[in-house]
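First up is the structure itself, then whatever we jot down about it.
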Amino acid sequence: MANKFTSYNKEVMKRFLHPKNSGEIKNPDAVGKIRNDYCGDLMEIYLKIDDKDKKNPRIKDVKFQTMGCAAAIASSDVLCELARGKTLEQAKKIDNKLIIKRLKGLPSIKLHCSVLGERTLRDAIEKYEKKNSEG
Amino acid sequence: MKQIYLDNAATTKVDDKVLKSMLPYFTKRYGNASSQHLIGQEAKRALEESRHIIAKSIGAKDDEIIFTSGGTESNNLALKGLFFSHPEKNHIITSKIEHDSILNTCKWLETQGAKITYLDVDEKGFVNIKELEKAISSDTLIVSIIHGNNEIGVIQDIEEIGKICKERGVYFHTDACQSFTKVLINVKKQNLDLVTLNSHKIHGPKGVGALYVRKGIEITPLAHGGGHEKGLRSGTENIPGIVGFARAVKIANWKDVKKIKKIRDRLIKGILKISNTKLNGAEGEDRLCNNINICFNNIEGEAIGGYLDANGICSSTGSACSSNTLKTSHVLKAIGLSDIQTNTSIRLSLSRFNTNEEIDYVLKILNKIVRKLRRISPIK
Ligand SMILES: Cc1ncc(COP(=O)(O)O)c(C=O)c1O
Ligand code: FES
């Protein structure tokens, strides 16, 4: 039952306590939803996609809802910031290393929470592409 | 920021009077209790006076108290000590909600040839007495059951268990680290053979504890050396610590227990007004006066703890996310909580230093935090 808050840096704490990108998007074009294999926590992200350029759809807006630890909430917040405005091809390249970099580091035992972010975004993009290739 | 400390099951503030009682034994009466000169004998007297206070508080005789470095050592000494001095029996009965210092000692003893039965508990955390009775066989050496649980506060009926153990001729050990001075312990009335006590949960210093061992019971020491504590725990005695421990016992009283219980019940009542919350563990008199454990559903324990901390409130959680091993609390699991419920639970543990004003503040903040985190959570 150790207290972990002192092992998070200021950036992580700021985003955990005051996330800017939490919430829902009405009628999202895609939803990514992944459960963390390690702890059972849940992350969801919602995408609004601008597909005027059919070949190169772009993430117009993105929001998250997360049931998770401080690292998971901070990772979600950063993830939204990294994804907003990117084309899907660009967004696919967002990985947990980039999330950690933007967070200025995570305790090693919390790295998996940033992987949860990477996986949730990819899940959303995959679902969008699948839906559009079918339709 | 002013801190509101609600993590007294982890450890407590040393009472100012306790600290004051200890200080002379660092700088004036600093002798080794084994020395024959005046300063040594002053230390010896303090040691024996402290032993008497602690023995009396549980209805034991002075020479049945062995001072140790704390709860962990006492639990190790009780189980390993009995096991190695009684090679004719190898079965130990314990429960699934013990402190790690019992569970991991049992796990290790399994590698030394012990057979361990880990008893289930019901949804409140109670050991089933009939099941315990059924588990006792001719190979059974010890029954070790925690008195007051450190996570959910459930208080076991040690008198009933003691009675059965006496009838069946097996030793009964109880880990009373959390219940000591909060629930009556009487080794005669309750038929206790070994009892683990510690100091830092009762506003005494850390690194001090005791093991009560009923006269006539043989145990093997963990530490061999100069033969201190009847040869059961060698090493120059920690006199300042022991003096502080005894002072903490002396200060503790039933009026404070009543007061803490009132504050506890106010806080529980206030928290349960928040929607979708549930109290984990037993209620009322079956629960330690200072323990609260709440499942908030849909929001993660570490996150609640982080927001509380940011508001100057110290709490603790059984959530996997906050443990170094990413394992959820074995106690909450044992009372039937799912992984998610465990991950969404926090513990608040009180002391006599908490006030009603603090509780008002905590309730106000907690309401705010839960609303905010539920907004962030995808599970509604
Ligand atoms: C029930 C219980 N047993 C044993 C211990 C271990 O005590 P100590 O920290 O003194 O080693 C604790 C507290 O940490 C406890 O709560
Ligand atoms: S999300 Fe559970 S540990 Fe981070």
Side-chain angles (χ1 to χ4, degrees), chain A residues 1-10 12-25 28 31-46 63-77 80 106-113 115-116 120 123-124, chain B residues 5 7 9-11 99-100 150-151 293 296-332 337-347 349 368-369 372-380:
Chain A
M1 289 202 161
N3 187 321
K4 206 151 267 104
F5 311 116
T6 47
S7 61
Y8 290 126
N9 67 36
K10 269 198 190 132
V12 175
M13 285 307 286
K14 192 182 88 190
R15 292 193 177 263
F16 161 54
L17 294 172
H18 311 285
K20 290 201 181 75
N21 301 301
S22 68
E24 274 175 288
I25 291 180
V31 179
K33 182 171 175 174
I34 298 282
R35 200 172 273 289
N36 192 338
D37 305 330
Y38 290 90
C39 61
D41 288 343
L42 188 68
M43 188 181 289
E44 289 188 16
I45 82 156
Y46 316 98
K63 289 220 145 94
F64 79 90
Q65 288 197 313
T66 293
M67 191 208 97
C69 67
I73 291 172
S75 293
S76 314
D77 197 48
C80 292
L106 274 178
S108 57
I109 191 166
K110 290 291 183 178
L111 297 181
H112 66 92
C113 313
V115 176
L116 181 64
T120 310
D123 183 53
Chain B
Y5 189 73
D7 199 14
T11 194
H99 187 262
D100 277 341
N150 47 304
E151 289 189 44
N293 194 311
F296 283 89
N297 288 304
N298 314 342
I299 53 178
E300 208 278 315
E302 194 211 82
I304 303 170
Y307 274 71
L308 284 172
D309 192 51
N311 286 284
I313 301 166
C314 308
S315 67
S316 148
T317 168
S319 162
C321 303
S322 89
S323 92
N324 288 318
T325 50
L326 286 170
K327 272 214 285 285
T328 51
S329 148
H330 63 274
V331 175
L332 296 179
L337 266 66
S338 65
D339 282 352
I340 290 284
Q341 287 170 324
T342 306
N343 270 358
T344 56
S345 292
I346 68 163
R347 178 186 72 185
S349 46
K368 251 198 221 162
I369 290 173
K372 174 150 182 184
L373 281 171
R374 284 205 174 140
R375 229 181 294 128
I376 297 179
S377 171
I379 313 166
K380 300 296 174 193

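Chain naming here is simple, since letters A, B, ... match the order of the sequence lines and numbering starts at 1 in each.
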Exercise. Would B/E302 and A/K110 pass as an ion pair if we require N to O under 4.0 Å?
Worked result: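 Salt bridge flag = yes for A/K110 with B/E302.
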
Exercise. Can you name the side-chain hydrogen bond (donor to acceptor under 3.5 Å, both in side chains) partners of B/T344, sequence neighbours left out?
Worked result: none

Exercise. Can you say whether A/L42 sits under 4.5 Å from chain B via the side chain, the backbone, both, or neither, judging by heavy atoms?
Worked result: both

Exercise. How many angstroms lie between atom OG of B/S377 and atom CE of A/M43, to the nearest 0.5 angstrom?
Worked result: 12.0 Å

For this session: Determine whether more than 12 heavy atoms belonging to other residues, nucleotides or ligands lie under 6.0 Å from atom NZ of A/K10.
Result: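 It does not: A/K10 NZ has 12 such atoms or fewer within range.
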
Exercise. Do other residues, nucleotides or ligands put more than 12 heavy atoms under 6.0 Å from A/K33 NZ?
Worked result: no

Seminar exercise, completed: Exactly one of B/N297, B/L373, B/I340 clears side-chain contact (heavy atoms from CB on, under 4.5 Å) with A/M67, and that residue is B/I340

Which atom pair, heavy atoms only, marks the closest approach of [X] to [Y]?
X: A/C69; Y: B/E300; answer: CA-OE1, 3.3 Å
X: A/L17; Y: B/Y307; answer: O-OH, 3.3 Å
X: B/A303; Y: A/F16; answer: O-CZ, 3.3 Å

For this session: Taking the side chain as every heavy atom from C-beta outward, state whether A/P19 and B/I376 have any atom pair closer than 4.5 Å.
Result: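 Sidechains of B/I376 and A/P19: in contact.
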
Problem set entry | Toward chain A, the part of B/D339 with a non-hydrogen atom under 4.5 Å |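 Neither part, no heavy atoms under 4.5 Å.
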
For this session: Find the one option among A/G68, A/G23, A/G40 whose heavy-atom pairs under 4.5 Å with chain B are most numerous.
Result: A/G68

Problem set entry | Derivation and outcome, side-chain contact (heavy atoms from CB on, under 4.5 Å), residues A/Q65 and B/R374 | CA-CA 9 Å; A/Q65 288 197 313; B/R374 284 205 174 140; over 6 Å; no

For this session: In sequence, state the C-alpha distance, the side-chain angles, and the governing distance for B/N343 and A/C39, and then conclude on side-chain contact (heavy atoms from CB on, under 4.5 Å).
Result: CA-CA 8 Å; B/N343 270 358; A/C39 61; 4.2 Å; yes

